[in-house]
**Student:** 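My structure is below; once you've seen it, I'll send some questions.
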Protein chains: 2
Amino acid sequence: MGATIKDIAELAGVSPATVSRVLSGQSDFYSEKTARRVHRAAKKLGYQKNTSAVELVTKTSKTIAVIVSSTQTNFADQIIDGIQEQAMQKDLNVIILYAGEKNAKLQKRALETVIERSVLGILLVAIDLDPSNDNLLRSANIPFLFLSICFRNHRFPFISSDDFKIGYQATTYLIEKGHVKIGFAAADLESFTGQLRLAGYRRAMDEYQLPTSPDWVSDGDFAYEDGVLAMKQYGEETQLTAVIASSDLAAIGILNQAQAFNVKVPNDLSVVSIDGTYLCNIVRPRITSVTQSFREMGIKGMQTLLGGKLDQFDLLYTGIGITERESAKSHG
Amino acid sequence: MGATIKDIAELAGVSPATVSRVLSGQSDFYSEKTARRVHRAAKKLGYQKNTSAVELVTKTSKTIAVIVSSTQTNFADQIIDGIQEQAMQKDLNVIILYAGEKNAKLQKRALETVIERSVLGILLVAIDLDPSNDNLLRSANIPFLFLSICFRNHRFPFISSDDFKIGYQATTYLIEKGHVKIGFAAADLESFTGQLRLAGYRRAMDEYQLPTSPDWVSDGDFAYEDGVLAMKQYGEETQLTAVIASSDLAAIGILNQAQAFNVKVPNDLSVVSIDGTYLCNIVRPRITSVTQSFREMGIKGMQTLLGGKLDQFDLLYTGIGITERESAKSHG
DNA sequence: TATATTTCCACAAACGTTTGTGTTGGTGAT
DNA sequence: ATCACCAACACAAACGTTTGTGGAAATATA
């Protein structure tokens with residue numbers, strides 16, 4: 001089974017201490033010759049370092065933990081991609097844990113697993129942490145950072161898109177295309193994210209002095225079904241000429257239900273979605289979106305997590321931008 | 001920072017040994033009264049167990065590792081879901097690692113990270129392990145099992161769908177609908193999976209004494225783009241009346257390119273995909289698929305991984321079945 | 001040659017648990 | 001009163017590393 005540093009020491013005729021230093025590449029502690037002997041012995045024995053022992057004594061680990069919510073939202077992949085890239089560069093390992101969606105217990109479990117392992121840092125992707133777990137996270141004394149979610153009142157440091165701006169930008173885009181009656185669909189209005197986007201939408205409508213109706217905003221949970229529900233709520237004969245979907249998946253729901261209603265997108269109805277993942281490109285018509293920089297979010301996440309100074313850090317917005325595709329066109 | 005078992009011992013006025021036994025719930029070693037005192041002290045100090053220390057002495061961990069390839073295939077989610085369910089039941093933790101796609105280095109790195117941590121078991125999801133890593137995996141003496149991939153010559157134990165059967169079943173389904181000229185698109189013909197499916201396709205065609213043409217099978221990598229490429233290869237005026245796509249995403253590529261060619265699915269061309277993820281339901285027309293039981297794969301994976309006897313275990317196929325949706329219809 | 005410096009290495013403590021083995025005091029049987 | 005026994009706990013070793021310190025040999029300095 002596992003060969004230890006002692007076995008290597010014996011085989012190479014040196015002390016365990018020397019083996020340790022050779023294997024972790026601390027120069028100025030051994031000669032070239034012994035280094036070679038040690039390496040040869042290690043290879044011969046198929047040595048694998050025992051991370052538990054290392055972490056026990058060094059009290060730090062080279063792995064950072066990513067906790068994601070198990071939604072079917074697919075942008076997490078992009079964020080993780082960015083994280084991995086940075087981890088690679090910095091020779092760090094990343095482990096990923098699923099916490100359920102709004103499941104306090106699962107969140108706690110995931111949190112405990114990584115805290116017990118005393119990881120280098122924790123990145124929480126799209127996790128709406130249950131308040132009962134705030135303390136657990138805080139008292140662990142491990143750097144952490146939320147990604148792709150916003151908090152009020154400096155509750156936690158985070159990196160996200162500016163959700164207000166997202167709502168605002170989507171709306172003004174549509175307004176400037178001549179739309180007047182614009183729906184806002186399928187966002188979770190209990191979430192801060194949903195509220196910010198809605199606020200952005202309202203601000204834009206206000207600024208252009210466009211009246212709105214409560215019927216135009218539909219509650220939901222960013223899911224596909226919420227998109228079809230929203231469209232059903234608007235109805236076959238809707239007065240809306242455009243609608244903003246809270247996610248790509250929700251937009252697809254709207255598209256499909258619109259088609260079922262025989263309302264043509266984009267001719268009868270313009271749709272712009274929020275996120276801009278690959279889904280936008282594989283459906284027809286392709287969906288015009290407010291595209292978020294998820295990969296960048298992952299990269300910046302790693303950078304600020306590792307950069308220290310998280311205490312002074314509060315929040316950072318990554319860029320967004322309209323990606324024009326086919327699902328939205330000018331009106332009137 | 002971290003309170004240790006010793007701190008608790010001191011506060012509770014007992015020995016560390018007793019604290020350990022209380023906290024890990026070994027009865028018959030302490031009185032109710034001291035147990036209460038220990039628990040109270042632990043809570044008061046915000047104690048978090050040091051997993052490194054535990055694993056160091058016990059030489060086992062309660063976490064199983066899942067290594068996934070970072071494809072944009074979305075079935076991994078379902079498999080992980082099944083895994084998580086079982087882990088929950090058995091009070092195990094699961095950590096997920098990304099290994100790149102056919103990237104020997106990344107595979108090695110992921111493998112090493114989990115081996116060094118001496119996890120309880122390793123589940124490799126859709127990982128086509130580079131032969132250079134075979135030894136690493138084998139010599140670790142950690143139970144492992146591949147999921148959603150097949151191997152020749154008993155190279156590794158795995159649980160997967162029967163890929164030959166998938167190809168066969170997709171083909172006979174189409175044949176019995178009256179199709180004669182059937183394409184086989186976008187599978188990676190260098191992969192064993194691709195070859196098995198192709199063999200199944202050929203067997204079916206043979207059994208029905210249907211001639212085939214090399215032009216009808218297109219190489220690829222299960223990706224969206226491979227679907228559109230395949231369709232381009234078949235051409236606007238294709239003689240094919242049906243095509244089997246190697247994945248849902250590839251099927252969507254075919255759908256879109258077909259639409260671009262103005263060939264109507266399913267009227268002009270029937271499409272059946274392999275996988276049957278949610279993607280099949282959110283595009284129009286909905287895609288008829290050979291649906292795999294990914295969740296079951298995850299569940300069975302955990303069960304056999306934990307069941308021991310992996311040495312006697314060779315392979316296990318999980319169920320498949322046609323899910324009829326809208327993209328395929330009778331011909332002639 | 002004598003001393004100082006450097007190079008290379010070994011010794012041993014420490015990290016926070018678990019767990020086998022002692023030890024104590026108390027209870028019941030003889 | 002003696003013994004055996006049991007409950008309830010403490011002691012200490014062990015797990016595989018890292019790292020501060022000390023020391024011998026080799027080299028440089030005077």
Side-chain angles (χ1 to χ4, degrees), chain A residues 1-39 41-42 45-63 112-113 115-120 140-141, chain B residues 1-39 41-42 45-63 112-113 115-119 140-142:
Chain A
M1 225 145 324
T4 77
I5 227 175
K6 279 187 188 172
D7 302 326
I8 299 179
E10 201 167 338
L11 184 58
V14 297
S15 77
T18 301
V19 175
S20 170
R21 295 195 236 250
V22 169
L23 258 29
S24 46
Q26 312 175 19
S27 44
D28 292 353
F29 270 101
Y30 47 82
S31 67
E32 270 305 312
K33 206 176 53 173
T34 50
R36 267 197 300 277
R37 273 222 310 282
V38 167
H39 278 125
L45 295 176
Y47 172 73
Q48 286 288 341
K49 120 172 359 187
N50 183 324
T51 306
S52 304
V54 176
E55 290 182 0
L56 179 57
V57 44
T58 64
K59 282 157 165 274
T60 63
S61 86
K62 296 192 64 165
T63 105
E112 282 178 341
T113 344
I115 291 174
E116 286 176 1
R117 290 187 172 288
S118 61
V119 294
L120 227 196
N141 265 58
Chain B
M1 230 148 322
T4 77
I5 227 176
K6 279 187 190 170
D7 302 326
I8 299 179
E10 200 167 339
L11 183 58
V14 296
S15 77
T18 301
V19 174
S20 170
R21 295 197 235 250
V22 169
L23 256 30
S24 46
Q26 311 175 17
S27 43
D28 293 352
F29 270 100
Y30 47 84
S31 67
E32 270 304 312
K33 206 175 52 174
T34 51
R36 268 196 300 276
R37 272 222 310 281
V38 167
H39 278 125
L45 296 176
Y47 173 73
Q48 287 286 343
K49 114 170 7 184
N50 183 323
T51 305
S52 304
V54 175
E55 291 182 0
L56 180 56
V57 44
T58 65
K59 284 157 164 272
T60 64
S61 87
K62 296 193 63 165
T63 104
E112 282 177 342
T113 1
I115 291 174
E116 286 176 1
R117 289 184 173 288
S118 61
V119 294
N141 265 58
I142 297 178

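Below, chain A is the first sequence line, B the second, and so on; all start at residue 1.
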**Student:** Atom pairs, N/O to N/O, protein against nucleotides 6-8 of chain D, distance under 3.5 Å?
**Tutor:**
none

**Student:** So B:Arg117 and A:Asn50, do their side chains get closer than 4.5 Å, heavy atoms only?
**Tutor:** no

**Student:** Specify the closest pair of heavy atoms between B:Ile5 and B:Pro16, including all atoms of both residues, with the distance to one decimal.
**Tutor:** CG2-CB, 3.9 Å

**Student:** Classify every nucleotide of nucleotides 11-18 of chain C by which part a protein heavy atom approaches to under 4.0 Å, writing B for the base, S for the sugar-phosphate alone and - for neither, in 5'-to-3' order.
**Tutor:** BB--BBBB

**Student:** Ignoring hydrogens, what is the shortest heavy-atom contact between B:Ala41 and B:Ala12? Give both atom names and the distance.
**Tutor:** CB-CB, 4.2 Å

**Student:** Can a donor-acceptor pair be found, under 3.5 Å and without considering hydrogens, that links the side chain of A:Ser24 to the backbone of A:Gln26?
**Tutor:** no

**Student:** Verify, without hydrogens or angle tests, whether B:Ser61 (side chain) and B:Glu55 (backbone) share a donor-acceptor contact under 3.5 angstrom.
**Tutor:** no

**Student:** With a cut-off of 6.0 Å (strictly less than), are more than 12 heavy atoms of other residues, nucleotides or ligands near CD of B:Glu112?
**Tutor:** yes

**Student:** Determine the minimum heavy-atom distance between A:Ser15 and A:Ala9, stating which atoms define it.
**Tutor:** C-CB, 3.7 Å

